[in-house]
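Scroll down for the structure; my scribbles are underneath it.
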Amino acid sequence: MYDGSPIKHTDDSAPVQAPDDGTYTAPTAYAPFPEKDGVDSDGRKYGPIERRGIDIQVSSPVDDVETLFRRTHLTAQFHAENRDFWKDISEYGNDGGKLYDEVVLNLCEEKLALEGINPAELDIPERRLKALFLRLARGQNGTELHAYLSGPDPVDSVVHSLLGYEGPNDIPSYNVLQREFRELSEGNDIDLDAFKDAVTRTVYAVFRAGVVPPDAIKESYSFGAVAPPLNEKSVSRETKKEELRNWVRLLLDHTTDPLTFGRTTEKVDHDMRAFIGALATSALFDCGLEEMKDVCDWDYPRENIPSGGWLHNYVPERVPSEYDLRDFTPDADRASIPSIDAQFDAVHTRTLALAKEFGFWSRSDPLNIGADMFRIDWTGDSLEATIGRPPKADNDAVTEQWTFLVAGGIDTESRFVLGGRLVATLYDYPTALAEILSNTFDTVDIDSIFIDSEIIGGELIETVRRFAGDDWVISAPDHTIIKGLRRLTPSNCIGFAQDVKWNVEPKPNVVTYPYNSDDPDLVEIDPEKVLTEEIQHEEDGEKVRVPLATGDEGDTRVQGPLVPDDAIPMLTEAFSDLAAQDGVGINKHATHATYLTDRSLRYRSGAGVRDEYIQRWAIEPTIGQIVHNFMPHIKGKDPKQRLYGMHIAILFYNWHTMINRCLSPRGLRLDVTDTQLLQAIRDVAFDPVDYDAFWSE
């Protein structure tokens with residue numbers, strides 16, 4: 001059983017003798033999460049979900065009983081916590097009998113009043129009305145009710161007294177009670193639905209106070225199905241859908257305020273939520289915004305849906321300007337319209353701050369960050385905003401690509417994207433990465449940074465050092481110095497070279513690691529000492545000089561001499577006949593991975609470098625989700641529209657990550673697909689509810 005944070009409830013219409021006057025606190029107990037692919041050792045897909053999330057606080061009475069149905073899983077937690085309370089407080093057993101009847105009838109008038117029903121104003125005698133109220137509250141039919149009230153058990157006198165009868169002989173006949181129930185059902189004098197809602201309010205109040213109801217009520221209200229420890233398989237589909245909508249309301253409310261087109265409400269027909277809903281619909285159906293009204297008006301009022309030209313009209317006409325939105329409030333000065341990057345930097349930071357508040361990482365458990373680029377083909381005319389590439393074939397019309405950089409967490413539990421940038425040239429990579437990391441540096445606690453080989457110059461290394469110190473690893477490009485170090489590394493060895501010249505100070509280290517090797521040895525390589533020797537490849541007998549210093553790439557030699565460490569033998573000391581070792585003299589690009597890093601292997605193993613770098617590949621499925629699952633259908637040539645779509649896709653992705661990895665606002669562990677989330681976004685955006693009422697519960 002997995003315990004989550006306690007839930008709190010304030011009940012303004014609780015039973016008179018309820019625990020703590022209706023102010024309940026109960027721990028949430030969860031059954032093991034259903035097993036899926038990628039589960040942890042406890043059989044849970046994303047680890048301790050129930051230990052992440054916001055404090056759950058609810059109150060009663062509610063505006064409508066539908067809210068009670070959606071909170072049945074919470075009500076069951078309160079019931080389990082309060083059930084033992086009645087052992088000492090009541091003379092009756094807590095078994096669905098007299099105690100239940102007493103508490104129900106004590107609440108009857110109060111709950112009827114909540115539904116606008118005053119028994120004194122009705123034609124039906126009040127005691128008969130209460131008898132019918134008890135019938136519904138016990139889940140009985142007419143025969144069962146009459147037998148229950150007119151039975152021989154003398155303890156029934158308590159129930160009779162609460163109803164207003166002197167004893168079983170005073171109970172009306174079966175036919176009289178049935179006639180009254182028919183009159184009630186026909187709605188001549190009272191709204192039967194309102195009457196039933198009053199009964200439902202009573203049943204929930206009694207149950208959350210810890211009073212056990214009859215078996216028929218437990219079954220009809222599904223109380224037993226969601227008894228702790230909670231298994232979400234027993235929760236109704238409608239409850240799960242509403243919880244997903246609750247998630248969307250929470251995230252819209254907490255993260256999207258910085259988004260603005262700089263227009264007053266008088267100049268726009270819709271609020272920002274509607275525009276976000278339009279982009280979610282575009283991603284969901286892979287349709288252009290021009291089709292939006294015709295796609296959505298099957299399900300929502302047409303006037304709630306933005307027209308197709310809004311993105312073209314609103315986004316391109318605003319010239320980006322520098323603006324710090326980290327302290328943005330809805331009342332902030334909007335005289336200077338922030339750039340798209342600035343607006344979404346603030347949005348992503350708010351999302352990450354919420355994730356941190358929910359417990360996804362801490363200073364003692366920081367994030368490992370991966371960075372990578374993704375490209376989207378462009379088949380139109382040449383544009384400065386895109387990066388050219390050679391065509392795939394002679395008849396391939398694709399000559400350019402929109403290129404974006406993203407950086408995000410690579411740990412299974414916290415794969416949030418920190419942000420993204422449109423990269424017009426590959427030389428913009430270090431600056432773009434620095435902007436993303438700078439924006440989130442105060443929010444995200446960074447452990448290590450891992451980057452694939454693109455353009456790995458001194459500027460990029462300086463960037464990662466600013467944010468990760470010496471704890472970074474970059475896949476080394478196939479430069480001459482890298483080829484030489486691989487040639488010098490025997491097949492079953494990890495090669496480690498310190499202070500390799502790379503157009504940056506201090507100089508980084510290089511680790512060469514064999515892909516498939518059994519317990520490889522670690523050797524330190526000093527190329528200066530082996531450059532003077534001929535190395536013979538033992539398989540073909542060909543003499544090979546290791547090309548560490550050639551004229552075509554400048555002076556790329558390892559700067560030395562190196563200071564040997566007793567724990568890491570030097571290459572020439574480990575092997576008396578170096579040329580005879582398997583793999584020496586071969587580039588081994590296909591068998592050895594090579595990494596640039598500031599890590600010293602005196603403290604961090606070569607296997608650690610390799611294994612942790614492999615986790616960087618987690619950023620690639622993240623990118624796949626952003627591009628294929630959450631990217632709106634934007635095919636235009638305007639880079640600002642493309643940029644807007646990329647940021648929105650990151651936002652949706654981060655929401656999806658959060659929803660699936662921590663408790664919902666009402667304490668459920670959800671497992672939703674991307675399409676379900678996008679549907680919920682459009683549902684909330686195009687069919688809005690009273691947000692203030694939601695948060696005031």
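Only a predicted model underlies this, so the values are computations on that prediction, with no experimental measurement involved.
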Give the intermediate values and the outcome of side chain to side chain donor-acceptor pair (under 3.5 Å) for residues N439 and T349.
CA-CA 7 Å; N439 177 60; T349 299; 2.9 Å; yes
Working for side chain to side chain donor-acceptor pair (under 3.5 Å), residues E400 and S382
CA-CA 7 Å; E400 292 181 343; S382 179; 2.8 Å; yes
Does D428 form a salt bridge (charged side-chain N to carboxylate O under 4.0 Å, His left out) with R421? I'd like the steps, not just the answer.
CA-CA 10 Å; D428 297 329; R421 285 294 186 272; over 6 Å; no
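Nearest heavy-atom pair, I56 versus L74, reported as atom, atom and distance to 0.1 Å: CG2-CD1, 4.1 Å. Of all the heavy atoms in I436 and A407, the pair that sits closest is CG2-CB, 4.1 Å. The minimum heavy-atom distance linking F686 with P306 is given by the pair CE2-CD, 3.8 Å. Considering all non-hydrogen atoms of both residues, L405 and D372 come closest at CD1-O, 3.3 Å. Here the shortest heavy-atom pairing between I410 and Q615 reads CB-O, 3.5 Å.
Here R466 does not pair with E462 in a salt bridge; the nearest charged N to carboxylate O distance is not below 4.0 Å. The existence of a salt bridge linking R245 and D683 is confirmed by a sub-4.0 Å separation between a basic side-chain nitrogen and an acidic carboxylate oxygen. A salt bridge links R616 and E620; the closest N-O separation between the charged side-chain nitrogens and carboxylate oxygens is under 4.0 Å. Note on R71 versus E242: no salt bridge recorded, every NZ/NE/NH1/NH2 to OD/OE distance being 4.0 Å or above. Using a 4.0 Å cut-off between a side-chain N of Lys or Arg and a carboxylate O of Asp or Glu, E243 and K240 do not qualify as a salt bridge. Checked for salt-bridge contact, D294 and R302 meet the test: a charged N lies under 4.0 Å from a carboxylate O.
Side-chain contact between W378 and K637 is present, with heavy atoms from C-beta onward closer than 4.5 Å. Considering only heavy atoms from C-beta on, H254 stays 4.5 Å or farther from E357 through its side chain. A heavy-atom distance below 4.5 Å is not found between the side chains of V347 and H647. Side-chain atoms of I634 and L311, non-hydrogen and from C-beta on, do get closer than 4.5 Å to each other. A heavy-atom distance below 4.5 Å is found between the side chains of L437 and I449. In this structure, the side chains of L354 and L251 come closer than 4.5 Å at one or more pairs of heavy atoms. Using a 4.5 Å cut-off on side-chain heavy atoms (C-beta onward), D3 and E50 make no contact. You'll find the side chain of E459 reaches within 4.5 Å of the side chain of T431, heavy atoms only.
Between the side chains of S236 and T239, at least one donor N or O lies within less than 3.5 Å of an accepting N or O.
Shown here are the ring pair (Phe, Tyr, Trp, His ring centres under 6.0 Å) partners of F69, two or more places apart in sequence or in another chain: there are none. Scanning for side chain to side chain donor-acceptor pair (under 3.5 Å) contacts around W472 gives D598, with sequence neighbours left out.
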